[in-house]
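Structure first, commentary second.
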2 protein chains.
Amino acid sequence: MEGQTVQVEVSVRQQSGDASLLRRLNSAAILRILREAGVATLSELARAARVSRPTAEVIVDELVAEGWAEECDEEQGDRQRGRPAKRFRFRASAGHVAGVGIGAGTLRAMVADLNGTIVAAAEAPAYEAMTVPERLDAVAALVRGTAADAGLAVDRLAAVGVGTTGVVDGAGRVVKSVILPGWTGLDLQGELAGRLPAPVLVENDMRLAVLAEHWRGAAQGHDDVVYLFTGHRLGLGLLVGGRPHRGAHAASGEIGRQSGEHWQVFRHLVGYAMEVEPGELRSHQQAAEFAVERARAGDGRAVRAVRDFARNLGEGLVTLVNPLDPEMVVIGGSLARAGDLLVGPIQAHLDECCLYPPKVVASGLGSDCIALGAVRWALDHADHLLFS
Amino acid sequence: MEGQTVQVEVSVRQQSGDASLLRRLNSAAILRILREAGVATLSELARAARVSRPTAEVIVDELVAEGWAEECDEEQGDRQRGRPAKRFRFRASAGHVAGVGIGAGTLRAMVADLNGTIVAAAEAPAYEAMTVPERLDAVAALVRGTAADAGLAVDRLAAVGVGTTGVVDGAGRVVKSVILPGWTGLDLQGELAGRLPAPVLVENDMRLAVLAEHWRGAAQGHDDVVYLFTGHRLGLGLLVGGRPHRGAHAASGEIGRQSGEHWQVFRHLVGYAMEVEPGELRSHQQAAEFAVERARAGDGRAVRAVRDFARNLGEGLVTLVNPLDPEMVVIGGSLARAGDLLVGPIQAHLDECCLYPPKVVASGLGSDCIALGAVRWALDHADHLLFS
DNA sequence: CCAATTACACAAGAAGCTTTGTTAAGTACG
DNA sequence: CGTACTTAACAAAGCTTCTTGTGTAATTGG
């Protein structure tokens, strides 16, 4: 805070304006600085925003009056020499957002304040057999309940971010989905906005997952990231220049049903499981987890199967890493728990085949990942309103 | 121009400022509107910029005084009823930029005004045997000569964009290059800046090529584009969200030496050429052009070789198209002249393997592509200075 | 030649920021 | 314990820029 300005890249429309624009700009700048600094005095804010102190004073008074900032009167230990300054703090509880992850078997929701601190979280079961309205109602009820846990009504939420599988277009319609029955063609944004009196933002789950990794996960500080989800299915989320990449048809990352063999990777694990226990019928995920477990226990064939699986993933990743040149590859999904068993061979393959091999890491976020990304997405929306 | 504002996304630092910022902002907005409108009256500018007429008048007077705009007094045919308005025009000749493409065998340069109109173009031969200083001197001489053709000294250029093969880092250093001898490790930006008294911007040639396609080529209006160069080598340039994608190590698109077989595509064509005329020693490019020529003439084996080649390219592209979801694939380089012979099979393969197949088209820009992209790159830099 | 229409020009006023000066509230040190 | 120093808060004056409003200039149509 000593003199250097906090400079953040923000996309602003080329705008013209009258004097009130100046106030909006300065007010937004000071609010942003205040939030990033945590606690600051008027002088510090004025210096950082390159504004005179009287101006900073007027602006902070406004912010306090509107509830965006508050004075914190606790005395600081390290006193300076002169008259002690008032200290101000961003009032994170001035607004809240929710994030939701809609899975086939589980619904998760979180509510966070404007600092991104999670103040409530909940989950609810979902079932394959649910009709679409039942599922939508369950989502709405979960959001209402989670908000209530945080002491909030839904109409107090600045935004509700929603993550779902499938291709989601710019208007929040599910153009295509093969996981959730009846989901294809659904106007998810419209249906949820009808049930929840708050702005609803729908996005593809893989894009939210990579956003979560960038925010609180393994990819902090890295703006070009490939996120690979391995669990009951394969998924891909790309972060390009710090932002989730959507693509022309919002179908970026849809590698599931392509005909090449690079991404048809489960056969090794399913094959192994079938071989060891032919009677059991297993899903991809169950077979994979079974194989990983046995590999950990030291079963040579299982180790080989996992290694082949990892190698296949690595081959698929190479086709993407060389053209894209990301800083990092994050492995997420339930198989991320395999850790080095999976990451090691993938890293080795990338090291071998890439000019600039990115670092490969396993996600540590677990199953809250998508809801967390949805929170971040909703916060981005709220920030945009706050700092415009 | 009737009332609607011209709104352009510009990346601006979150800034605070005093009243002069307002003037800069409004001035930039009006200048931008004026350039996009071509010719406009004061009232039109005031309406479009959402500014009062007196303000618009003062600003335009300033712009005229500084040389960025000029009054065009030619009488318009479609007279309105009342007092005729003064008409103003963006003064494109207030600034110029240069764009340079450094190839192994040819150097190309162009000079354009601030509207992007090419006012001079030239090329010079280059040789494999040239030392690095010789090549740099030749580039500098070509830029000087082309600028002189346009009636300009080099120090009047607002920017000189330079495209080269190889991995070019953010500071304009060539981190790696296998085409040009001695190029690896060269501080190209520094060397050229020492020879040319103007801001020099160095960028990878594939990124400039895709920029050119987006500006004046086949990809106009499409913000997510994969550009595939096929000629003496393979190259890839990605346009993501309207901007060239660089990647974490500025190595985006470096697919040349990866070990997978998808991109090792010349073997079909070289094999064919060897088979037909075993004595001749040919480069990849020569073999490819020979095969394309014979295929056009109706040679069945040549047609098959080209089809296999195209299919291989298609397979490589699929690994990229599905994760990235571009709107368009542009085929550039000397083999783009093969046209449908190449585009047809690639499009067919993408149609078969992609959820949302992008349109595949052959570039129509020819060999000026990189210099043209360098001009656009330099113009972007100049615009940034102009509209900040 | 006059009315209607449109654009230009100037003056007054409001909003916002900065600078300058004064008062208030602490600490450091003899 | 009191004086001097340091820093913050407050107030007033002045500058820049934009807007609104009123009057003037230039052209067309009847």
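Proteins come first, then strands; the chains are lettered A, B, ... in the order of their sequence lines, and each starts at number 1.
Residues satisfying the side-chain hydrogen bond (donor to acceptor under 3.5 Å, both in side chains) test with B:Ser43, not counting sequence neighbours, are B:Arg53. With sequence neighbours excluded, the residues forming a side chain to side chain contact (heavy atoms under 4.5 Å, CB included) with B:Arg156 are B:Leu152, B:Ala153, listed by chain and number. Under the side-chain hydrogen bond (donor to acceptor under 3.5 Å, both in side chains) criterion, B:Glu70 pairs with B:Arg89, sequence neighbours left out. With sequence neighbours left out, the side-chain hydrogen bond (donor to acceptor under 3.5 Å, both in side chains) criterion links B:Arg376 to B:Asp380. The side-chain hydrogen bond (donor to acceptor under 3.5 Å, both in side chains) search around A:His245 returns none, not counting sequence neighbours.
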If a protein heavy atom is under 4.0 Å from the base, mark B; if only from the sugar-phosphate, S; if neither, -; do that for nucleotides 8-21 of chain C going 5' to 3'. BSB-----SSBB--

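Spacing between atom CG of A:Leu25 and atom P of D:dT17 amounts to 16 Å, rounded to whole angstrom units. Nucleotide D:dA9 holds its C1' atom 12 Å from the CD atom of A:Glu71, rounded to whole Å.
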